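Because the structure is a prediction, the values reported are computed rather than measured. Naming: A, B, ... by sequence-line order, numbering from 1 per chain.
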2 protein chains.
Amino acid sequence: MARAYDKGMVPAVTVPRLALYLRKLRELQARGVRTISSQDLADKIDLNAAQIRKDFSYFGEFGVRGVGYDVPRLIDEIMKSLGLNRSWSVIIVGAGLLGTALARYKGFSEQGFRLVGMFDSSPKVIGKSYGPGKVRAMSELEQFTREEAVDIAIITVPAHAAQATIDRIVAPNIGVKAVLNFAPVKVFAPKDVVVRQVDLSSELMFLSFYLDRE
Amino acid sequence: MARAYDKGMVPAVTVPRLALYLRKLRELQARGVRTISSQDLADKIDLNAAQIRKDFSYFGEFGVRGVGYDVPRLIDEIMKSLGLNRSWSVIIVGAGLLGTALARYKGFSEQGFRLVGMFDSSPKVIGKSYGPGKVRAMSELEQFTREEAVDIAIITVPAHAAQATIDRIVAPNIGVKAVLNFAPVKVFAPKDVVVRQVDLSSELMFLSFYLDRE
DNA sequence: GAATGTGAATTTATTCACAGCA
DNA sequence: TGCTGTGAATAAATTCACATTC
């Protein structure tokens, strides 16, 4: 499944850009565009063309000089590069407002992220179903992961519970290796676990900073 | 309201870190910590101490040599730097799953972001209330902004509608100057409008990339 | 002729390392 | 002595510019 190049050589900032390219390329493909140059793509997403070519170059040589990139081929290559040519199983821990909204969000399953379960410690929500996610008790987590491999955990618990939840999720008997944390705290995890933080109030503060000029 | 330094001199990457420092400092303050050194703070959030000191240095000299930083003072300075010593009015455009979940989310109002309205074009949701946000028809947007100044728009409409929605929101008669876009498309706005993109499926793809090693 | 792929140059961000102050 | 504030050094990311290929 892994590819020939070394992932460690790919700058971390390149990865979200690949997702951006992928989206635009799919849109182009849907409109019947078969070939695109780095310059045309750059114009469409307001980026430098050399940036795009360099980003691709970490993964191989996908283009044709004098011509450009074949759109379907490029989509396929980016999907392979991002590990999207397979399905990943996801659990959501925390069935509050955000967790349940995410459970019913279509965008994830469209990209091959399969929600296999939800967990919460509150009896009020245990047993309820949100989209494909039936809420189980936190106490069932270990048993559940013995029967179903879980690749990714989305954490939507309150801030004060986030670190303890993550400690539990990444414990060897559960073995989750990737965490998307929506709790507004910086969390720690072992080096072999990828953690990505989404922080909504931090995003608003970013806007506030740039709004606050005279 | 604006401060003495030039915002253009502050690296964009510093701004989200300020939000991070702020959160940790508030937690420390709640635990009764009065003073902290850059090194202690760095240890707590897994960052380099010089990074923290340099970030602060863009805004002034808040520390005391040989001692460290006074926690309440530093909180106050960061809040001023981020423009959080005032309240910002926010509208949510798109009353779907995510929009309604955000409307009821407490974290925003705690930071001084005041939800003043929600808008949607679907008759199914117009008139409903979610937390502090009553959903109005999109057609009322112009009238509404004539009566109530709106600083920030959170966009939670479907991807295909995002650019048109943003074009409307930033039009001179509405005058929104900051946009937090949850729609999974890169959107364009005039240079004087700050746009911040939150892309959930891109975050999952990031995890997928690092998961996909042998 | 046109557009890729990539070393080199540049710009931006991080970290070092230390002078200077409490 | 201890820790800040910051120039200088380093590292990382972006952009240029051009040789190379179709």
Side-chain angles (χ1 to χ4, degrees), chain A residues 3-21 25 28 33-75 77-78 81 186 206 209, chain B residues 3-21 25 28 33-75 77-78 81 186 206 209:
Chain A
R3 314 187 77 206
Y5 54 83
D6 177 1
K7 286 221 165 80
M9 297 286 92
V10 181
V13 285
T14 285
V15 181
R17 279 200 300 263
L18 290 180
L20 182 66
Y21 304 151
L25 288 164
L28 291 167
V33 177
R34 305 305 311 269
T35 298
I36 193 160
S37 68
S38 58
Q39 188 57 62
D40 283 355
L41 187 56
D43 292 344
K44 288 183 194 304
I45 53 187
D46 198 20
L47 241 63
N48 181 291
Q51 172 96 267
I52 294 178
R53 296 198 301 275
K54 182 141 287 191
D55 283 342
F56 293 161
S57 77
Y58 297 117
F59 301 93
E61 305 195 0
F62 307 146
V64 179
R65 284 154 202 250
V67 178
Y69 299 90
D70 179 76
V71 173
R73 161 91 195 281
L74 193 49
I75 289 172
E77 294 290 354
I78 295 175
S81 302
K186 167 134 193 189
F206 187 97
F209 176 81
Chain B
R3 314 185 77 205
Y5 53 85
D6 177 0
K7 286 220 165 84
M9 297 287 92
V10 181
V13 285
T14 286
V15 181
R17 279 200 300 263
L18 291 180
L20 182 66
Y21 305 150
L25 288 165
L28 291 167
V33 178
R34 305 304 312 269
T35 298
I36 193 160
S37 69
S38 59
Q39 187 58 61
D40 283 355
L41 186 56
D43 292 344
K44 287 185 194 302
I45 52 185
D46 198 20
L47 240 63
N48 180 290
Q51 172 97 266
I52 294 177
R53 296 198 301 276
K54 182 140 289 192
D55 283 343
F56 293 161
S57 77
Y58 297 117
F59 302 92
E61 305 196 1
F62 308 145
V64 180
R65 284 156 202 248
V67 179
Y69 298 90
D70 179 74
V71 173
R73 160 92 195 280
L74 193 50
I75 289 172
E77 294 289 355
I78 295 175
S81 302
K186 167 133 195 192
F206 187 97
F209 176 81

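In this view, B/Leu20 and A/Lys186, B/Arg23, B/Ile45 satisfy the side chain to side chain contact (heavy atoms under 4.5 Å, CB included) rule, not counting sequence neighbours. Evaluation of the salt bridge (Lys or Arg N to Asp or Glu O under 4.0 Å) rule for A/Arg34 yields no partner, not counting sequence neighbours. Every ring pair (Phe, Tyr, Trp, His ring centres under 6.0 Å) that B/Phe56 has, sequence neighbours left out, goes to B/Tyr21, B/Tyr69. Not a single salt bridge (Lys or Arg N to Asp or Glu O under 4.0 Å) links B/Arg65 to another residue, sequence neighbours left out.
Taking atom CE of A/Met9 as the reference point, atom C1' of C/dT6 lies 16 Å away to the nearest angstrom.
Of all nucleotides in DNA chain D having an atom under 4.0 Å from a heavy atom of chain A, the first and last in 5' to 3' order are D/dA13 to D/dC22.
Projected onto DNA chain C by closest heavy-atom contact, A/Glu61 and B/Arg65 fall at different nucleotides, the more 5' of which corresponds to A/Glu61. Taking for each of A/Val64 and A/Thr14 the nucleotide of DNA chain D with the nearest heavy atom, the 5'-most of the two is the partner of A/Thr14.
Looking at residues 48-57 of chain B, you'll see B/Arg53, B/Lys54, B/Ser57 sit with a heavy atom under 4.0 Å from some atom of DNA chain D. Residues of residues 33-43 of chain A that place a heavy atom closer than 4.0 Å to DNA chain C, in numerical order, are A/Ser37, A/Ser38.
Closest approach of B/Ile78 and B/Leu25 over heavy atoms only: CD1-CD1, 3.5 Å. Minimum heavy-atom separation, A/Ala12 to A/Pro16: O-CD, 3.1 Å. In this structure, B/Gln51 and B/Arg17 approach most closely via the heavy-atom pair OE1-NH2, 2.8 Å. When all heavy atoms of B/Phe209 and A/Ser81 are compared, the pair lying nearest together is CD1-O, 3.2 Å.
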Please list every donor-acceptor pair under 3.5 Å in which a side-chain atom of residues 35-42 of chain B meets a protein atom from a residue at least two apart or in another chain.
residue : atom : partner : partner atom : Å
B/Ser37 : OG   : B/Asp40 : N            : 3.1
B/Ser38 : OG   : B/Arg53 : NH1          : 3.0
B/Gln39 : NE2  : B/Asp43 : OD1          : 3.0

| request: Might you work through the side-chain contact (heavy atoms from CB on, under 4.5 Å) test for A/Leu47 and A/Ile52, ending with a clear yes or no? | output: CA-CA 8 Å; A/Leu47 241 63; A/Ile52 294 178; 4.3 Å; yes
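Note that CG of B/Asp6 and OH of B/Tyr58 are 12.5 Å apart. Values are rounded to the nearest 0.5 Å.
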Pull out every protein N or O sitting under 3.5 Å from an N or O of nucleotides 10-12 of chain C, one pair per line with the distance.
none

